[in-house]
Each structure stands twice: as structure tokens, then as C-alpha cells.
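Inspection log for the structure reproduced underneath, given as C-alpha cells.
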Amino acid sequence: METPPPPRAMLDGGPQALWEPQPPAGALQTPERCVWPCLSILEGDSCPQGLFEAISGPPWAGPQQVLGQGSCSDLNHWSGQGVAGWPCTGPCWSRRGCPAALETVLREEAQRGFATLEDPLAALLDMLDSSRGWRGKGPSLEAWVARELKRCLQAQLCPGPARGSPGLKQLQARAVKLLAESPPGLVEPLVSIFQLQDADRSPLLAHVHRLHQEGKFKEAIVLGAKLRLQADLDVEKMCIPLLLQDKADLVERYVDGFPDLQRRLLALMDSWCQPGFDIRVVARRYPQTTLRLERLSPRALGRQVLRLLEQHGLDPDLCPNVVNQQRLAALRYLCYKRLVERSVSRESWAEHVQGLAGQDQWLQEQLLQLLASHDDAALVAQCALDLLLPEERLPASVAAELRQLRIQERTAEAPLEDGKDDYYQLPIPREHLHFLASWEDLARHQEELLQPGQVVGMDLEWRPSFGAGGRPRASLMQVAVEGRVFLLDLPRLSSPAGGQAPQAFFRLVSRLLTDPSITKLGYGLAGDLRSLGASCPALAQAEKQLRGSVDLLQVHRQMRAADRPAPGVDGAAGPRGLSLLVQQVLGKPLDKMQQLSNWDRRPLCEGQLVYAAADAYCLLEVYWALCREPARFHLSGDLARSLRLGRGERAGPGELPPLQKALTSPQQVPAGEDAAPEVPARAFRVVCDSMLQGLARRLRCLGIDVLVLATGEDHRRAAEVARQEGRVILTSGLPYHKLRAQVGAGRCLSVDCSLKARQQATAVIRHFNVRVTHSDIFSRCQACNCHQYLKVSKDVMKQLVWLSGHPEGPSGTGDKAAQIEDERETGSAPEEAPGGCTYEPSCRWLEEEDLQSRVPATLGDGTRLQLSGVPAGVLRRPGLRHFYCCTGCGKVFWEGSHLGRVAENFREVLEGVPGSHEPSRAPSPASSPS
């Protein structure tokens with residue numbers, strides 16, 4: 001029987017006694033619960049006890065009665081009678097939660113039934129023709145029978161027709177007609193049983209086109225792939241709506257194995273990356289579809305295209321727009337390194353720029369604009385001279401400087417080479433640098449490299465690839481020991497494969513990595529070892545073989561998280577990464593002038609040799625300094641003690657090794673007398689550039705008002721917004737200096753992109769002395785930054801979900817991640833955050849007049865509630881009373897484990913939590929989100 005719909009009761013904002021279905025006559029009643037005749041045997045939390053009693057006792061006299069009363073040899077009889085005479089339409093045959101004993105009995109009876117039938121395939125079609133239960137949503141007996149028949153045919157438990165036989169063709173024609181009405185759960189077994197991929201393609205193509213016209217884009221593309229119809233379908237028509245819905249994985253599977261379609265798909269995606277293209281023009285063709293255009297920025301699309309080009313081994317010339325965008329990004333980076341940081345040599349810069357721009361007129365024009373935007377006319381003129389740029393295309397001031405350079409034959413390199421004493425200097429003599437390029441060299445120095453108990457610094461160098469696919473091939477491996485540095489020539493030592501030099505190199509490196517008595521130091525060591533494995537296949541497992549190592553990148557992250565900058569001092573974009581660590585610990589940064597040089601060239605120049613040696617040797621000096629004074633650098637414990645533990649000593653019960661403590665329990669730096677004035681989270685307002693989306697979400701999580709620039713939006717817009725609305729600018733990389741000059745000191749912060757988003761948020765909160773309380777958590781929508789919610793009771797939410805056409809929550813076509821999360825959390829009570837704080841913002845109830853329409857549920861301002869994101873399990877969760885709807889974007893929230901995780905992740909900056917930087921006190925009452 002069909003379940004009648006609930007009445008459209010008035011939404012008065014409070015819990016309501018909604019319609020409850022009553023059991024029909026003949027339903028099995030038990031003290032525990034009522035078991036409907038059509039109740040899913042396999043659906044819900046478990047099989048009801050009363051149903052087990054019905055299965056194990058009378059009237060269940062034997063297996064023959066499991067699939068109906070009487071003989072089980074007639075499929076039509078199964079369809080009409082069902083289990084013990086119960087009607088078998090509706091969701092009774094879902095497979096979730098089925099008792100194993102019952103499923104085994106059902107399968108055995110199905111096999112016996114199939115074996116007695118003269119033509120099981122024709123009988124299945126007869127059953128489908130005579131029944132309508134399978135045409136609705138949800139599981140059905142017919143779909144279950146079809147799945148079992150498919151299983152039996154695959155296991156050859158019952159005979160099937162020969163491929164291409166006349167009888168099969170007749171059955172295929174009947175099956176194709178049924179396919180048009182089949183739900184997704186029945187389509188796959190029908191395709192397999194009747195070998196529809198070999199059937200007449202015309203009706204199959206018509207069915208796929210009909211699904212597409214009805215807006216069932218996912219069903220259309222999945223069915224087209226199963227029937228192998230890709231060559232007869234328009235790849236652009238099939239793929240565009242899926243790309244707009246951020247279902248690129250389905251699109252990739254659709255074109256898998258079809259090189260021509262792969263090329264056409266990449267050409268389509270590349271066309272969306274051309275300058276000035278507006279994806280919203282394409283999106284207007286699908287007004288009824290929920291789209292995710294934020295995932296289709298040129299940057300995001302470009303990454304996908306480059307990955308697919310590499311994955312399929314296709315020519316990059318297929319995608320000129322993406323390649324040019326990639327090269328333009330590399331040009332911007334190089335201009336920043338040369339003109340702002342001044343950290344790359346003239347020779348290296350000119351070589352890379354010429355290789356990127358080539359003869360492409362558009363890239364050359366972009367390069368000229370980049371150079372013209374810089375203020376130092378003399379330095380820009382030197383760059384123009386190195387690139388042989390035409391004088392008439394340069395600004396007048398630069399052209400004048402260029403003429404002077406040509407007359408005087410002076411260079412602008414001298415200022416870059418001045419001030420060498422301002423950088424870290426290699427403390428060992430030049431003769432203690434050894435370049436190893438043969439197996440004889442390795443044998444000569446093997447004892448020094450593999451000395452047990454020593455500490456070694458390791459690093460790799462490779463030629464910059466500027467975004468080219470795959471990991472770069474390493475050119476040089478540096479190994480530093482006390483007093484000496486060894487530079488291993490990887491191209492010479494890794495070829496020819498199987499030669500004496502590669503074998504000796506593999507043995508030496510393997511022994512070095514696997515010896516736990518030798519402490520290996522690195523900065524991002526795991527990434528270096530992966531690059532080493534990509535360059536030398538024999539060392540592909542190097543990362544897994546590593547024993548006895550310390551990654552100073554992790555130590556550095558701990559230092560930065562604990563070291564709160566002085567108020568009013570911006571995090572200027574100076575040294576980064578290892579250079580910054582060396583400056584913080586040893587007092588001077590590394591000279592990175594040779595970092596972007598050509599490391600494949602042989603012989604290496606003197607500057608490259610010294611740079612490579614310093615990169616590895618500085619690791620030793622940093623490590624020794626940290627071991628001597630860990631507290632000075634906000635690291636708890638003794639690093640030397642930690643290394644002894646790593647070589648075999650065990651920590652006491654419940655004791656963490658000191659280095660691990662240093663990485664997990666930062667010491668807090670007390671605010672001094674000159675601390676910045678405290679500002680409440682909800683009064684703190686920032687604007688972020690588009691590269692800091694993760695940081696923006698974390699800050700919104702804590703109640704901070706965050707605007708984010710759109711992808712591709714000019715960074716100068718951040719300065720305008722900051723001045724007009726009194727916001728602080730958070731940025732990264734190139735735009736920092738210009739933005740800071742426009743808004744003044746203290747109003748612009750350069751964010752360290754090597755930190756994770758949570759660490760970035762913690763650093764921002766400490767830098768600006770922001771006070772965050774429990775009531776601030778989730779007081780703003782993470783998706784749209786709105787701070788106004790409407791409260792909806794669980795019963796009203798159930799009604800809205802039902803009316804919106806999602807009575808079962810996310811279906812098989814929905815978001816898989818949401819379903820997994822639903823299954824993981826279903827049945828659990830709302831969790832409390834540390835300190836006993838739960839989510840209870842003060843906001844008004846949703847009322848009838850707030851809704852412009854209920855199908856689909858739409859607020860008065862046109863915002864549609866995102867009800868498809870509410871899993872069915874959440875609606876059944878005990879203890880959950882309310883939902884909260886964002887009035888800005890319609891996103892629906894409910895209380896769960898996320899609240900506790902956020903509070904735990906930000907414990908150290910959250911007011912009122914033991915162990916935080918503020919005195920512990922009770923959480924503040926929740927305030928209105930408005």
C-alpha cells in the first residue's frame with residue numbers, strides 16, 4: 001500500500017504532532033514495535049524482533065514458505081504473494097541490515113526457483129510487465145529478484161542464452177522498453193542480464209537522450225557508459241552539466257578508454273579557461289540544476305586539465321589557454337623573485353623568462369605589463385636589456401634607463417651581489433666540498449657517509465619546472481656531515497640502469513636511510529624522498545625505508561605557531577621556509593640567489609656548489625642550536641633525548657618523547673605590556689584574497705566577519721573594501737607590499753602559506769589579540785559569511801524534506817561523502833564541546849510567513865533551503881531537536897561532533913577552556929547572531 005502524504009500543517013515554529021501512519025489490518029504486533037507487512041526486511045537499524053519470530057516460528061514451516069505460500073517456481077507468484085503472504089511492493093527488499101540467515105534462505109530459494117524455470121529471463125520480464133511496484137523509488141522485490149538472477153547467471157548456476165542468439169535479441173527488445181521506466185537499482189542488473197550493450201543502439205540512445213532532457217544528467221551519463229554508447233553521444237552535451245555540478249569524477253570515467261573523447265573533453269575545459277570567459281553564460285542553460293560554479297575557476301580548471309593531460313599522456317598543445325595561464329603564473333612568480341625579493345640571478349631569471357614567453361605575443365605583452373608595473377626603472381631596464389625587449393614598447397622612464405645602460409655598459413647585478421655578509425655563510429673550507437659522480441667516488445667516501453651514530457643533513461636540488469606535470473627529476477643530492485658536504489651527481493649516478501654506479505648509489509643510500517643510528521635531518525624530508533624515488537626508480541620506497549629522522553619543517557611549524565608576533569608588526573614577506581628558520585635560529589637567512597638556477601647544467605658553477613652545500617650544512621647547525629636551547633625557541637624538552645628514544649630507548653608509561661611533545665603541545669607566549677588591545681571575535685572584520693579560502697572558513701567558524709575576493713578579482717579591491725568597511729587585509733605572496741602601502745601598518749598581514757589553515761587562523765587570532773568564546777563558534781555561516789539563522793524543529797524539517805522530494809534523504813545519486821557521514825553519525829546523541837558548551841544560538845523560529853513557497857522550500861528573499869544536504873539518518877537521530885537554516889545561502893546546520901572538534905582544535909585560543917591562553921571561566925551565554 002502507498003503511504004499517504006502528510007497534511008501541509010501550519011508551521012508555527014515549534015514541535016508539532018505530525019501525521020503518523022497507522023498499521024493496516026493484519027499487521028504483526030509485538031511488544032517492542034509494530035511490524036508492517038511491507039516493512040523493509042533489510043532497511044532501518046535492524047530486523048525487528050517480531051519479524052524474527054515470524055521467520056523462525058509458525059507459520060514458517062520450511063524453506064518453501066520463505067518466498068511465498070506454495071511453490072516457488074513461479075516468479076509471478078513471488079511477485080503477488082511475497083514473504084509469508086505479505087504484499088511485496090515498496091521498500092521491503094532493501095539489502096541494508098538483512099539478517100544473514102534470512103538472506104541465505106532467500107538466495108537458496110531463488111536459485112531453486114530459477115533452476116525450475118525453462119526461461120528465467122523471459123519469466124523476469126513477465127514479472128516486470130505484470131507488476132508496478134518496481135517503478136517507484138526505493139527497493140523492490142522485482143529489483144531483488146533481478147539482482148539474484150544476475151548473480152546466478154554470472155556464477156553459471158542457471159543457463160542463459162548465447163550471445164547474439166535470436167532469442168536473446170527478442171528479450172533485449174523487451175528489456176529496452178522496460179529500461180525507460182526502471183529506477184537506478186534495476187538498470188544495472190537489466191543491462192548485465194540481457195547484455196544490452198550488444199542490443200540495438202537506437203532505442204538505447206533514445207532512452208539516454210530522454211534522461212538528459214528530463215534533467216537526469218548523472219543517470220544519463222552513467223547509463224551511457226554502462227551501455228558503451230559514448231561514441232554515439234555528444235561528449236560536450238553529456239559532460240557540461242556534470243562539470244557544472246562538480247562531478248568531474250563521473251566525466252573522467254565516462255571518457256575513460258576513448259582517447260578522442262578525452263581530447264574533446266580537455267579542449268572543452270580549456271576553452272573555459274580563456275581570458276574573459278564567463279562560466280555563468282554556460283550555467284544559464286541549466287536553470288533548474290544545482291550548480292557549483294565556485295569549483296570552476298580558471299585556476300581550479302587548469303589544475304584538472306594539467307592532471308588529465310599527464311594522466312592520459314596527451315599533448316599539452318591541446319590546451320593552449322591552460323598552458324598560457326600556467327606560464328603567466330610562472331612569469332609573475334619570476335618577476336616577483338627578481339624585482340621584489342631580488343633573490344634570483346640575472347642569468348637564471350633571463351633563461352627562465354625567455355623559455356616561458358618564447359615567441360608567444362600574448363605572453364610577451366603580459367610580461368611587458370608586469371615589468372611596467374614595477375617602480376624601479378633602473379632594474380626593469382636591466383631586465384629589458386637581458387631579454388632584448390624593444391625599446392618602443394617600454395615606458396618612457398624605463399626606455400631612458402635602457403639607453404643609459406647601453407651607453408655606459410653598466411649592469412644592475414652589483415647591488416644584488418652586495419651584502420653577502422648579510423646571509424648565512426658556509427663555515428667549512430671550500431676543499432671540504434666533495435662532488436661525487438662515479439662509483440669510485442662513492443666507494444672512496446662511503447665510510448664517512450655511513451659513520452654510525454652521526455647526524456647528517458640531507459637535501460635535493462632540481463631544475464625548476466614551473467608547474468609542469470609530475471614530480472621534477474632531481475639533479476643533485478646533498479649529504480652534510482660535521483665538517484664536510486658531499487654533492488652527489490644524480491644524473492651520472494643513476495644511469496645507465498643496472499650499471500655499476502647506480503648499484504653502488506642504491507646500496508649506499510639504502511644503508512644511509514635504513515640505519516636508525518644515523519640521524520637524518522631534512523626540511524620537508526618526505527617530499528625530497530618522493531622526488532628522489534621519482535628520479536631513481538630503485539629508490540621508489542625510500543620514504544617507507546626511512547629510519548631515525550627529524551624533519552625540521554615540523555619543528556619550524558611548531559615554532560611559528562607558538563611565536564606570536566609583536567603587536568603592530570606585520571608579517572612582511574621576507575625569508576621563507578628553511579631560510580626563515582636559519583634566520584630565526586642562526587641570525588641570518590640563506591642566500592637563495594641560486595635556488596632557481598639550472599641544476600641540470602654541467603659543470604655546475606661555483607655559486608651553485610656553495611649554495612647547495614650551505615642548504616644541507618645549515619640543517620646541522622640549526623639542529624645543534626635547537627638541541628642546546630630548546631626553550632628559547634618555544635620547544636619543550638631535550639631534542640637529544642628525543643633522538644635517543646628514536647634509536648631504541650622507550651618513553652615511560654604515558655610519556656611522550658620530548659620532540660613529539662614539542663610538536664603537539666606548544667608553549668604559550670605571554671602577552672607583554674605592549675600587547676594589542678583585545679577585540680571581540682564578532683567585532684573583528686577582515687578581507688582575504690582568493691588564495692586563503694581555507695583560512696576564511698576557519699575564521700568564520702569562530703564568528704569572525706570574513707569577506708573573500710572572487711577568483712581572478714584584482715587585489716586592489718581588497719584595499720578598497722578595507723578602507724570603506726574598516727577591515728584588515730589578510731593576503732599571501734606577491735600583493736602584500738602594495739596592499740600594505742595602501743592601508744598602512746597594522747592593517748595588512750602576510751599569511752604564511754606553508755601553515756595549515758587551522759594554524760593560520762590561530763596565528764591571526766594571536767597577532768590581532770582576538771577574543772573568541774564558545775558562543776562565537778558557528779555564529780556565522782562558513783559558506784556565505786551570513787550571521788542570521790532561522791531555527792527549525794526536527795518535525796518541521798522532516799515535513800519540509802518530505803515535501804521537497806527527498807523523503808529518503810540523499811539517494812544513490814547524491815553526495816557520497818554526506819551519506820558516509822550520515823551513516824557514521826546516525827543514532828549518536830549531539831556531542832558537547834569542551835567545557836560542556838552546546839550549540840544554542842539565539843535566533844527566531846521559522847514561521848509560515850517566512851516561506852515564499854514550500855515546494856521547493858524558499859525564503860521570502862528567494863533563498864532556497866538546501867534540504868538535499870540533510871541526510872535521512874540525521875532526521876532519525878535521537879536527542880537532536882533543532883536545525884538552523886542560514887538566511888543568506890539556505891544551508892542547513894545541526895549540532896553534532898563538528899562543534900566539539902572545532903572547540904578542541906582551537907582550545908589554545910578559545911576563552912574559557914582549561915589550558916587556553918586566557919583564565920578559565922564559564923562560557924558566555926549565546927547571543928543573537930544578528
Side-chain angles (χ1 to χ4, degrees), residues 428 433-434 436 442 445-462 471 474 476-488 490 493-494 504-536 538-558 577-578 581-582 585-586 590 612-628 630 635 637-649 657-660 662-663:
I428 59 176
L433 273 60
H434 304 280
L436 312 184
L442 296 178
H445 296 284
Q446 177 175 299
E447 184 176 348
E448 296 172 270
L449 287 164
L450 300 178
Q451 182 69 35
Q454 70 178 345
V455 180
V456 303
M458 296 175 57
D459 193 24
L460 289 177
E461 303 295 342
W462 51 79
R471 285 194 168 273
L476 193 71
M477 180 177 180
Q478 306 105 281
V479 181
V481 301
E482 185 173 4
R484 294 181 182 275
V485 180
F486 301 94
L487 308 177
L488 283 65
L490 294 184
L493 294 174
S494 58
F505 174 68
F506 169 73
R507 288 194 299 268
L508 185 143
V509 175
S510 295
R511 288 179 59 187
L512 176 64
L513 296 179
T514 56
D515 188 345
S517 74
I518 301 176
T519 300
K520 276 74 68 175
L521 305 177
Y523 192 89
L525 192 55
D528 280 350
L529 292 179
R530 286 193 291 271
S531 294
L532 180 63
S535 306
C536 308
L539 293 170
Q541 303 300 316
E543 185 180 2
K544 297 180 180 178
Q545 296 173 351
L546 184 63
R547 298 291 182 273
S549 65
V550 174
D551 193 340
L552 292 178
L553 172 61
Q554 304 300 325
V555 178
H556 194 199
R557 284 176 176 168
Q558 177 56 58
L578 178 59
L581 175 63
V582 173
V585 176
L586 303 179
L590 291 172
D615 245 18
Y617 203 86
C618 69
L619 297 170
L620 298 176
E621 295 209 281
V622 166
Y623 173 77
W624 293 329
L626 294 178
C627 286
R628 288 192 300 268
L635 300 174
D638 180 2
L639 291 181
R641 161 73 174 158
S642 172
L643 292 173
R644 288 197 299 272
L645 289 170
R647 291 198 294 268
E649 296 184 22
L659 180 58
Q660 188 174 350
L663 296 178

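Values below: every heavy atom of this structure, side chains too, minus hydrogens, waters and symmetry copies.
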For this session: Determine whether V550 and L525 make a side-chain contact, defined as any pair of heavy atoms from C-beta on separated by less than 4.5 Å.
Result: no
Seminar exercise, completed: Minimal heavy-atom distance between A542 and L529, with the atoms involved, is O-CD1, 4.1 Å
Exercise. How about L450 and D515: do any of their side-chain heavy atoms sit closer than 4.5 Å?
Worked result: no
Exercise. Tell me, do L546 and K520 make a side-chain contact under 4.5 Å, heavy atoms counted?
Worked result: yes
For this session: Could you check if a side-chain atom of L490 sits within less than 4.5 angstrom of a side-chain atom of F505, using non-hydrogen atoms only?
Result: yes
Exercise. Is there a donor-acceptor contact under 3.5 Å from the side chain of Y617 to the main chain of G483?
Worked result: yes
Exercise. Rounded to the nearest 0.5 Å, how far does CG of L487 lie from CE of M477?
Worked result: 11.5 Å
Seminar exercise, completed: In short, A474 meets S535 closest at the heavy-atom pair N-OG, 2.6 Å
Problem set entry | Flag side-chain contact, heavy atom, 4.5 Å: H445 against L436 | yes
Exercise. Would E461 and Q478 count as having a side-chain donor-acceptor pair, cut-off 3.5 Å?
Worked result: yes
Problem set entry | Interatomic distance, I518 atom CD1 to R547 atom CZ [nearest 0.5 angstrom] | 14.0 Å
For this session: To the nearest 0.5 angstrom, please state how far the CG atom of L493 sits from the SG atom of C536.
Result: 8.5 Å
Problem set entry | Minimum heavy-atom distance H556-G577, with the two atoms named | CE1-O, 3.4 Å
For this session: Test L532 against V509 for side chain to side chain contact (heavy atoms under 4.5 Å, CB included), laying out the working first.
Result: CA-CA 10 Å; L532 180 63; V509 175; 4.2 Å; yes
Exercise. Say you draw a straight line from CG of D528 to CG of D551; how long is it, rounded to the nearest 0.5 Å?
Worked result: 9.0 Å
Exercise. Of L619, L553, L552, which is the lone residue that meets side chain to side chain contact (heavy atoms under 4.5 Å, CB included) with L578?
Worked result: L619
Exercise. Can you find a heavy atom in the side chain of L513 that is under 4.5 Å from one in the side chain of M458?
Worked result: yes
Problem set entry | From D615 atom CG to D459 atom CG, the distance as rounded to the nearest 0.5 Å | 4.5 Å
Problem set entry | Side chains of V622 and V555 in contact at under 4.5 Å (non-hydrogen atoms) | no
Seminar exercise, completed: Looking only at heavy atoms, the pair that brings S510 and L539 closest together is OG-CD2, 3.8 Å
Exercise. Okay, side chain of Q454, backbone of L449: is any donor-acceptor separation there less than 3.5 Å?
Worked result: yes
Seminar exercise, completed: d(L442 CG, F506 CZ) to nearest 0.5 Å is 13.5 Å
For this session: Grab the two heavy atoms, one from A612 and one from L476, that are nearest each other, plus how far apart they are.
Result: CB-CD2, 3.7 Å
Exercise. Which atoms form the tightest heavy-atom contact between L586 and C618, and what is the distance?
Worked result: CD1-O, 4.4 Å
Problem set entry | E448, CD: over 12 other non-hydrogen atoms inside 6.0 angstrom | yes
